[in-house]
Engineer: 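Let me begin by handing over the structure; questions about it come next.
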Amino acid sequence: MYRIIKKEILNPDVELMVVHAPYVARKCEPGQFIILRVDEDGERIPLTIADYDRKKETVTIIYQVVGYSTKKLSNKNEGDFINDFVGPLGQPAPIHKVKRVLGIGGGVGIAPLYPQMKKMKDLGVQVDVLLGGRTNKHIIMENMFEEFVDNIYYATNDGSKGIKGFVTDKLLELLENGEKYDLVVAIGPLVMMKAIVNITKENNIKTNVSLNPIMIDGTGMCGGCRVTVGGETKFACVDGPDFDGFLVDFDECMQRQSMYKEEEEHICRIGIGDGNNA
Amino acid sequence: MPNLSKVKTPIREQEPDIRNKNFEEVVLGYTEEEAIEEAGRCLQCKHKPCMNGCPVNVPIPEFINQVSKGNFEEAYKVITRENVLPAICGRVCPQENQCEGKCVRGKAGEPVAIGRLERFVADWHMNNIKNKKEDIESNNIKIAVVGAGPAGLTCAFELAKRGYKVTLFEALHTPGGVLSYGIPEFRLPKSLVRNEIKKIEDLGVELITNVIVGKSITIDELFEEGYMGVFVGSGAGLPKFMKIEGENLNGVYSANEFLTRVNLMKAYKKDSSTPVKVGKKVAVVGGGNVAMDAARTAKRLGAQEVYIVYRRSEEELPARVEEVHHAKEEGIIFKLLNNPVKINGKDGWVESMECIKMELGEPDSSGRRRPVAIKESNFKLDLDTVIMAIGQTPNPLIRQTTPGLKTENWGGIIVDEDTMKTTKDDVYAGGDVVTGAATVILAMGAGKKAAKAIDEHLKNN
Ligand SMILES: Cc1cc2nc3c(=O)[nH]c(=O)nc-3n(C[C@H](O)[C@H](O)[C@H](O)COP(=O)(O)OP(=O)(O)OC[C@H]3O[C@@H](n4cnc5c(N)ncnc54)[C@H](O)[C@@H]3O)c2cc1C
Ligand SMILES: Cc1cc2nc3c(=O)[nH]c(=O)nc-3n(C[C@H](O)[C@H](O)[C@H](O)COP(=O)(O)OP(=O)(O)OC[C@H]3O[C@@H](n4cnc5c(N)ncnc54)[C@H](O)[C@@H]3O)c2cc1C
Ligand code: SF4
Ligand code: SF4
Ligand code: FES
Ligand SMILES: [Mg+2]
């Protein structure tokens with residue numbers, strides 16, 4: 001059992017938890033993730049490691065409440081326990097020293113962007129970030145980024161923070177203004193990553209993306225997380241989750257992610273008694 | 001006067017048409033009377049040929065003798081001197097190739113039903129006797145066992161019995177390995193697996209779930225933490241795919257994923273939070289136990305037509321004879337001598353599978369006749385779901401993070417067959433991670449052999 005040390009509500013849909021998980025905290029690196037089961041009969045859901053503290057043996061997760069299991073997780077509070085919490089899973093993000101990087105985070109994808117950008121800054125990279133969300137309420141962690149980045153830009157659907165529009169609109173504007181980047185790291189919904197790659201490919205800027213296919217074990221045992229990268233099948237849980245965006249078959253990823261849409265809605269409707277956010 | 005019947009005492013089973021709609025156990029087991037009657041068929045051969053067929057040396061005539069006298073608890077003690085998981089082995093060992101394959105009664109008629117008797121004894125004990133915690137004097141030597149499948153469980157048990165302080169690390173949230181995530185409830189009830197594992201924990205073995213050795217901690221780090229020996233029993237969990245067109249369509253599963261969703265995550269229960277999709281028409285590709293389990297599971301989840309598509313003929317089916325028999329009774333349709341070439345999709349979902357007919361040619365390196373495609377014999381099966389059950393290889397996590405550990409090209413850990421010692425000092429390995437996908441009893445045999453070698457090595461140093 002894994003104790004919840006701290007819980008914080010970041011916005012109407014997104015919450016943060018600091019969890020005591022010594023085996024994960026000792027070894028994890030940016031880009032890796034964990035799998036948890038909220039309770040005895042729970043499903044296994046993957047969440048990115050947003051931050052960690054090796055001394056306190058804790059791991060931070062930031063999750064968006066979207067369905068049955070994230071709702072159940074959201075019902076837990078400080079001092080409660082999570083039944084299972086395993087990791088670190090996946091490969092660390094491929095972080096090298098480049099001159100200048102642009103990190104683009106959409107929605108809850110902002111969370112996994114944070115440890116990668118922080119580590120790049122530590123390596124002496126110039127770091128700009130572009131954060132996007134539906135409204136200003138949906139942009140998380142901006143204070144944490146503002147502490148270390150060189151430039152920070154925002155895009156919201158309603159213009160309540162930064163430009164009114166998508167992160168791709170802002171990206172195009174930056175490139176038109178002559179900003180030069182050696183690398184883009186894009187983490188967010190598949191449609192967003194696909195749209196970004198369409199732009200960066202044209203401009204020939206190497207782009208890493210983080211894929212989030214449906215997973216069970218996270219150790220290479222089920223093959224459910226397979227994705228096509230460069231024409232080859234990869235298991236995102238062991239070969240990824242970060243891949244070269246130019247090589248990813250995004251349409252297949254989107255198709256596979258929707259495999260259980262009906263069942264998920266059904267399970268969620270059955271509800272969990274005191275489920276709030278419904 | 002021994003029981004001279006040429007056939008095994010029949011065993012009660014659920015009716016095929018009823019059981020293919022539920023997840024209750026198929027085989028119901030012997031009553032005390034039936035067990036005594038079947039035990040009477042054993043000739044108590046002096047040279048014990050049956051025992052040569054048992055990788056863990058169960059004293060077969062000795063336990064059967066106790067059964068024939070109605071001394072069931074004595075029989076249990078005899079079996080568990082050598083075999084810590086009798087309720088499991090009695091159910092899933094391929095007895096026809098193991099103990100029963102060597103039984104002299106099999107020369108004229110059916111062999112003694114050793115597996116059924118072993119199962120009976122284990123179940124009788126479970127239902128009638130309360131396990132007592134044994135007190136074993138600890139020698140305070142720490143050993144780490146990686147993976148709580150049959151190999152790891154057996155190795156942990158054997159070492160704990162000898163006084164070692166054993167920590168068993170398991171990657172999943174539940175121990176048991178394939179016994180928990182692969183073999184279905186209707187063949188091996190999970191309550192029984194839990195019960196067998198509890199016996200091992202009662203001996204003082206510390207089980208830590210949710211630790212992936214190679215990720216959460218490396219083998220070198222285990223030694224730094226004071227472990228004096230490591231046994232790797234991490235199995236062969238990585239599923240193979242055919243690398244044919246359409247394999248990433250929605251509706252294509254590896255057998256591992258399909259069975260894990262249903263067994264480990266309990267997707268067969270209506271209120272499970274883990275979903276599974278079955279559809280009306282399902283093809284399972286492969287002919288082993290894994291394929292039979294996937295097919296019978298799909299049927300139970302409501303699929304109307306379930307096919308086994310296998311490229312060789314009935315004779316070469318690697319599954320246990322009993323599983324093939326049960327699958328047929330339950331209405332699984334065998335499409336033998338057929339090989340998939342392509343999966344067709346519509347809107348991203350499986351719609352059909354194109355297969356080609358095969359014929360048997362010259363024998364290959366395995367001695368089995370090689371299947372050869374018959375030109376222009378392609379045909380289409382309309383399907384919603386395809387389940388690939390064509391084999392597994394060892395997961396790379398451990399070999400990638402353990403310098404000095406030599407492996408075969410296909411990923412199997414290389415060991416000395418007498419001691420199960422690997423190329424790295426104080427690291428032993430056994431089970432599917434060494435042999436590739438094999439059997440429960442061979443994995444147990446390897447775990448047992450390694451425990452003995454570890455003990456001898458540490459005692460002499
Ligand atoms: C490597 C990885 C890292 C992730 N990191 C984060 C993160 O840091 N924060 C965050 O909010 N979300 C993250 N996700 C997504 C998160 O796992 C899903 O949102 C969660 O599983 C939804 O579960 P649910 O039961 O609440 O919702 P459901 O209603 O069951 O599902 C909603 C959607 O979530 C996805 N999903 C469902 N089950 C799974 C599953 N077992 N594995 C993966 N995706 C699934 C599907 O797209 C589904 O349509 C990550 C996913 C992956 C693969
Ligand atoms: C569906 C199916 C049906 C089968 N039916 C039969 C049958 O009827 N009869 C029969 O004899 N055999 C059968 N088999 C084969 C048999 O189950 C295996 O040969 C046997 O389980 C191998 O045992 P093992 O201990 O080597 O590995 P496994 O049972 O695979 O156990 C390995 C364990 O190690 C864990 N692990 C893996 N990597 C790590 C790591 N890095 N760190 C920590 N833990 C790790 C895994 O999660 C797993 O729990 C079947 C197999 C399957 C898949
Ligand atoms: S353990 Fe398996 S092989 Fe050995 S006697 Fe029992 S059923 Fe036969
Ligand atoms: S070979 Fe058969 S008959 Fe002979 S002792 Fe063994 S089980 Fe009994
Ligand atoms: S999640 Fe099962 S193989 Fe990746
Ligand atoms: Mg869910």
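Just the heavy atoms: all of them, side chains too, but no hydrogens, waters or symmetry mates, feed the values below. Proteins come first, then strands; the chains are lettered A, B, ... in the order of their sequence lines, and each starts at number 1. Just so you know, these numbers come straight off a predicted model, no measurement behind them.
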Engineer: Do B/P239 and A/F235 have side chains that approach each other closer than 4.5 Å (heavy atoms only, starting at C-beta)?
Structural biologist: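 Answer yes - side chains close enough.
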Engineer: Are A/K27 and B/T218 close enough that some pair of their side-chain heavy atoms sits under 4.5 Å apart?
Structural biologist: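 Yes. Closest side-chain heavy atoms under 4.5 Å.
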Engineer: Given that the side chain runs from C-beta out, which part of B/L259 has a heavy atom under 4.5 Å from chain A: side chain, backbone, both or neither?
Structural biologist: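 Nothing of B/L259, per the 4.5 Å heavy-atom cut-off to chain A.
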Engineer: Measuring from atom CE of A/M221 to atom OG of B/S234, what distance do you get when rounded to the nearest 0.5 angstrom?
Structural biologist: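 The distance works out to 12.5 Å.
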Engineer: Given side chains that start at C-beta, do those of A/R37 and B/M265 come closer than 4.5 Å, heavy atoms only?
Structural biologist: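 Contact flag for A/R37/B/M265 side chains = yes.
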Engineer: So what's closer than 4.5 Å to chain B heavy atoms on A/Q255: side chain, backbone, both or neither?
Structural biologist: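 The answer is both parts of A/Q255.
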Engineer: What part of B/K266 is in contact with chain A, defined as an atom under 4.5 angstrom from a non-hydrogen atom: side chain, backbone, both or neither?
Structural biologist: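 No part of it gets close to chain A.
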Engineer: Can you tell which part of B/S272 gets under 4.5 Å to a heavy atom of chain A, answering side chain, backbone, both or neither?
Structural biologist: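 It is the backbone, since no side chain atom gets that close.
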Engineer: Hey, can you tell me if A/Y260 and B/Y253 have their rings parallel, tilted or perpendicular (30° and 60° cut-offs)?
Structural biologist: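 Rings of A/Y260 and B/Y253: tilted, as their planes differ by 30° to 60°.
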Engineer: Are A/V86 and B/I212 packed together at the side-chain level, in the sense that at least one heavy-atom pair is separated by less than 4.5 angstrom?
Structural biologist: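 In short, these two side chains touch, coming nearer than 4.5 Å.
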Engineer: Enter the distance from B/E257:CD to A/R226:CZ here, rounded to the nearest 0.5 Å.
Structural biologist: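 Nearest 0.5 Å value for the CD-CZ distance: 7.0 Å.
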Engineer: Hey, what do you get for CD (A/E263) to OG (B/S273), rounding to the nearest 0.5 Å?
Structural biologist: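 OG of B/S273 is found 13.0 Å from CD of A/E263.
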Engineer: Would you compute the distance between atom CG of B/N210 and atom CG of A/D84 and round it to the nearest 0.5 angstrom?
Structural biologist: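 Rounded to the nearest 0.5 Å, the CG-CG separation comes out at 4.5 Å.
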Engineer: Could you tell me which portion of B/V252 (side chain, backbone, both or neither) has an atom closer than 4.5 angstrom to a non-hydrogen atom of chain A?
Structural biologist: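 Both backbone and side chain of B/V252 come within 4.5 Å of chain A.
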Engineer: Does a side-chain N-to-carboxylate-O contact under 4.0 Å join B/E221 and A/R26?
Structural biologist: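 No, this pair does not count.
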Engineer: If we ignore angles and hydrogens, is there a donor and acceptor under 3.5 Å between the side chains of B/N248 and A/T228?
Structural biologist: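 Judged by distance alone, the side chains do pair up.
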Engineer: In plain terms, say whether B/K215 and A/E29 are close enough for a salt bridge, that is, a side-chain N and a carboxylate O under 4.0 Å apart.
Structural biologist: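 Result for this pair is no, no salt bridge flagged.
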Engineer: Do A/R256 and B/N250 come close enough that some side-chain heavy atom pair is under 4.5 Å?
Structural biologist: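 SC-SC contact between A/R256 and B/N250 confirmed.
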Engineer: In terms of heavy-atom proximity below 4.5 Å to chain B, should A/F85 be classed as side chain, backbone, both, or neither?
Structural biologist: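 When you check distances to chain B, only backbone atoms of A/F85 fall under 4.5 Å.
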Engineer: Return the SG to OH distance between A/C222 and B/Y181, rounded to the nearest 0.5 Å.
Structural biologist: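 A/C222 atom SG to B/Y181 atom OH measures 10.5 Å (nearest 0.5 Å).
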Engineer: Within the supplied structure, the quantity of interest is the number of heavy atoms (other residues, nucleotides, ligands) at a distance under 6.0 Å from B/E245 CD; does it exceed 12?
Structural biologist: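 No, not enclosed.
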Engineer: Answer with side chain, backbone, both or neither: which region of B/L397 has an atom nearer than 4.5 Å to a non-hydrogen atom of chain A?
Structural biologist: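 Looking at B/L397, just its side chain touches chain A.
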Engineer: Once you round to the nearest 0.5 Å, how far does CG of B/L172 lie from CZ of A/R44?
Structural biologist: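 That separation rounds to 5.5 Å.
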Engineer: Looking only at heavy atoms and a cut-off of under 4.5 Å, which of A/G67, A/G223, A/G220 has the most pairs with chain B?
Structural biologist: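 Most pairs with chain B among the choices: A/G220.
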Engineer: With chain A as the partner, which of B/L264, B/T174, B/T274 has the greatest number of non-hydrogen pairs under 4.5 Å?
Structural biologist: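 With the most close heavy-atom pairs to chain A, the winner is B/T274.
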Engineer: Just give me the residue among A/G90, A/C28, A/P22 that pairs up with chain B most often, heavy atom to heavy atom, under 4.5 Å.
Structural biologist: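 Most heavy-atom pairs under 4.5 Å with chain B: A/G90.
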Engineer: If you draw a 6.0 Å radius around CD in A/E78, do more than 12 non-hydrogen atoms from other residues or ligands fall strictly inside?
Structural biologist: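 Above 12, so yes.
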Engineer: Please find the pair of heavy atoms, one from A/G87 and one from B/S216, that lie closest to each other, and give the distance.
Structural biologist: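 Where A/G87 meets B/S216 most closely, the heavy atoms are O-OG, 2.8 Å.
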Engineer: If you apply the rule side-chain contact (heavy atoms from CB on, under 4.5 Å), what do you find for B/I217 with A/Y23, and how did you get there?
Structural biologist: CA-CA 7 Å; B/I217 188 165; A/Y23 278 102; 4.2 Å; yes
Engineer: Quick one: what part of A/I214 sits under 4.5 Å from any heavy atom of chain B, side chain, backbone, both or neither?
Structural biologist: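 For A/I214, side-chain heavy atoms alone lie under 4.5 Å from chain B.
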